[in-house]
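Notes for the one structure printed next.
All of these numbers come straight from a predicted model, not from anything done at the bench. Chain identifiers are assigned alphabetically (A, B, ...) following the order of the sequence lines, protein sequences preceding nucleic acid strands; residue numbering begins at 1 within each chain. Just the heavy atoms: all of them, side chains too, but no hydrogens, waters or symmetry mates, feed the values below.
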There are 2 protein chains.
Amino acid sequence: MKKKARINPRKLPTQERSKQLVDSLLSATANILVRRGYEGLTTNRVADEAGVSVGSLYQYFPNKESLVEALIRRWSDGLMETIADHYLEVRNESIETAVDTMVRAALDSTRVDAKLHRILTQQIPNVNALPALELFNRRMSERVASWLELHREELEVEDLHLAAEIVVMTLAGLSDYALIQRPELLDSPSFVQHLSRLVLGYLAPTRASQLSASAGKRRRTSKRLAQS
Amino acid sequence: MKKKARINPRKLPTQERSKQLVDSLLSATANILVRRGYEGLTTNRVADEAGVSVGSLYQYFPNKESLVEALIRRWSDGLMETIADHYLEVRNESIETAVDTMVRAALDSTRVDAKLHRILTQQIPNVNALPALELFNRRMSERVASWLELHREELEVEDLHLAAEIVVMTLAGLSDYALIQRPELLDSPSFVQHLSRLVLGYLAPTRASQLSASAGKRRRTSKRLAQS
DNA sequence: TCAGAATGCGAGCAATTGCTCAGGTTTTGT
DNA sequence: ACAAAACCTGAGCAATTGCTCGCATTCTGA
């Protein structure tokens, strides 16, 4: 148990064989994380689960942390991709619809692989994955900001970048919170409604107030099933 | 390194001497957490730092986790208290002022002992402190909910309990996020402004829209320095 | 074909950790 | 004063972990 034996991997996977090996190591890592948590994650165990030997593991990962880091990178890239899709979907919609879609997208992406999502977001502080997370958030914020630009005149906030960041932070935070402490909320229609109102009321309170005024008793009818 | 040797402490501190011991153990735990992180937290090290022997530690804490759990309890109790004060302050104020105060309170409580706050919230998943955290959130939500009751007619949300929970979750989440990823924001006036707008726009979009309408060019002048 | 590079193996080392226990010291109640 | 209870000590056990290294196997390209 030295301090930090090595920082770079000894080799990069060039042949197909080794690429598969790296891949199965990451999958094994994910499995073990889900089944036994971070405490139960052992390099020996990972190698075992992946059906390779520890030695091979240490060819491509300099240490235990880097395993989790790599997994987080793979995972957040996937997340980014699916959310980018929603972003495209939404370019030409009204603010109300777009916000609704974004909220659903956030909740959906939390639900997918919920258990892994949960463990990864929780364990991020344990590994040096903050940079990766920051990057992720920055890219998300930029996306949202550039979407906000499209609606500039309808919005009642000036600093669109700060606004975008706050929206992203809010949705991510509330999704995670719900996942961890109130899983029922994730599937509750009224939760979606409230989140939409939260975001819309922030970006365009006037529109939001109109909306809640016109919804005296009747249910609001917003369809749009986010998928993926 | 057994699995979980014992769950209950052997003794409860009854004499004054041992109470001080327990206290210094918790403080030592906090110090070490701040200086070396959770990885660096060792029962031997804690005992050393507190100037007692490991044996004594294990008289009052059944295992390592319980140390951190106890620390989290002590810390969240303190938090709860200071925030409860703000709650009293605010009973007779307008929604706008009250929201502003709550936002500032949230940011303040994050700033105090920022480093410890950060490590504790991050390490909560590592120990069995979720129950304590849930309790904390529930109590906070109840406080906020009962405050919302006072303004029932002015609000444009029906489910006040859900609303309270969302407000609490939002403020806590954004404060933590800011602390960890954008510390500058914690002291930025415009961040406070945005958060107030976020919450107000959710609870009472009509009022929020009036507010942002009347703030064409001029700076909004909201004083009120939250202290504590 | 075949050398050398890439890949893979896994027993085992070195270090560390959480925790115990037999025994000493201090406090309390009488 | 004195016994019992509460408190404290710390050497060291048992287990576990991250990681290395000498060697075997497979692949690549000329």
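- Look at CD on A:Gln59: it is 16 Å from P on D:dC27, rounded to the nearest Å.
- Nucleic acid contact class of B:Thr42 (heavy atoms, under 4.0 Å, all strands): sugar-phosphate only.
- Atom pair A:Tyr38:OH and D:dT17:P shows a separation of 13 Å (rounding to whole Å applied).
- Salt-bridge formation is not detected for the pair A:Lys64/B:Glu39: no Lys NZ or Arg NE/NH1/NH2 atom is positioned less than 4.0 Å from an Asp or Glu carboxylate oxygen.
- The base of C:dC19 lies close enough to the side chain of B:Asn44 for a donor and an acceptor atom to sit less than 3.5 Å apart.
- Distance, B:Glu39 CD to C:dT16 P: 14 Å, rounded to whole Å.
- Side-chain atoms of A:Asp23 and A:Lys19, non-hydrogen and from C-beta on, never get closer than 4.5 Å to each other.
- Which of D:dC7, C:dG10, D:dC19 sits closest to the side chain of A:Ser53 comes down to C:dG10.
- Protein atom CD of A:Glu65 is 11 Å distant from nucleotide atom P of D:dG18, rounded to whole Å.
- Taking 4.0 angstrom as the limit, A:Tyr60 places a side-chain polar atom (N or O) nearer than this to OP1 or OP2 of C:dG8.
- Across the protein-nucleic acid pair, A:Phe61 atom CZ and D:dT20 atom P stand 15 Å apart, rounded to whole Å.
- Among the heavy atoms of the strands lying under 4.0 Å from B:Leu21 are primed sugar atoms or P, OP1, OP2 only; no base atom is included.
- Donor-acceptor pairing under 3.5 Å is lacking for the side chains of B:Asn63 and B:Tyr58.
- Distances shown here put every side-chain N or O of B:Thr43 at or beyond 4.0 Å from the OP1 or OP2 atom of C:dC19.
- Under a cut-off of 6.0 angstrom, the local environment of CZ in B:Arg35 is crowded, with over 12 non-hydrogen atoms contributed by other residues, nucleotides or ligands.
- In this structure, the CG atom of B:Leu57 is 11 Å from the P atom of C:dT20, given to the nearest Å.
- Side-chain proximity of B:Val54 to the nucleotides D:dA11, D:dT9, D:dC19 is greatest for D:dA11.
- Rounded to whole Å, the distance from CG on A:Asp48 to P on C:dC9 is 11 Å.
- The nearest whole Å value for the distance from the CD atom in A:Gln20 to the C1' atom in C:dA6 is 16 Å.
- Residue whose closest nucleotide on DNA chain D sits further toward the 5' end, between A:Gly55 and A:Leu41: A:Leu41.
- At the phosphate of C:dC9, OP1 or OP2 sits under 4.0 Å from a side-chain N or O atom of A:Ser56.
- Across all strands, A:Leu67 comes closer than 4.0 Å to no nucleic acid atom at all (heavy-atom distances).
- The side chain of B:Lys64 has C:dG18 as its nearest neighbour among D:dT9, C:dG18, D:dT20.
- Remark: the B:His117 side chain and the B:Asp176 side chain contain an N/O donor-acceptor pair separated by less than 3.5 Å.
- Each of C:dC9, C:dT17, D:dC19 was ranked by its minimum atom distance to the side chain of B:Arg45; first place goes to C:dT17.
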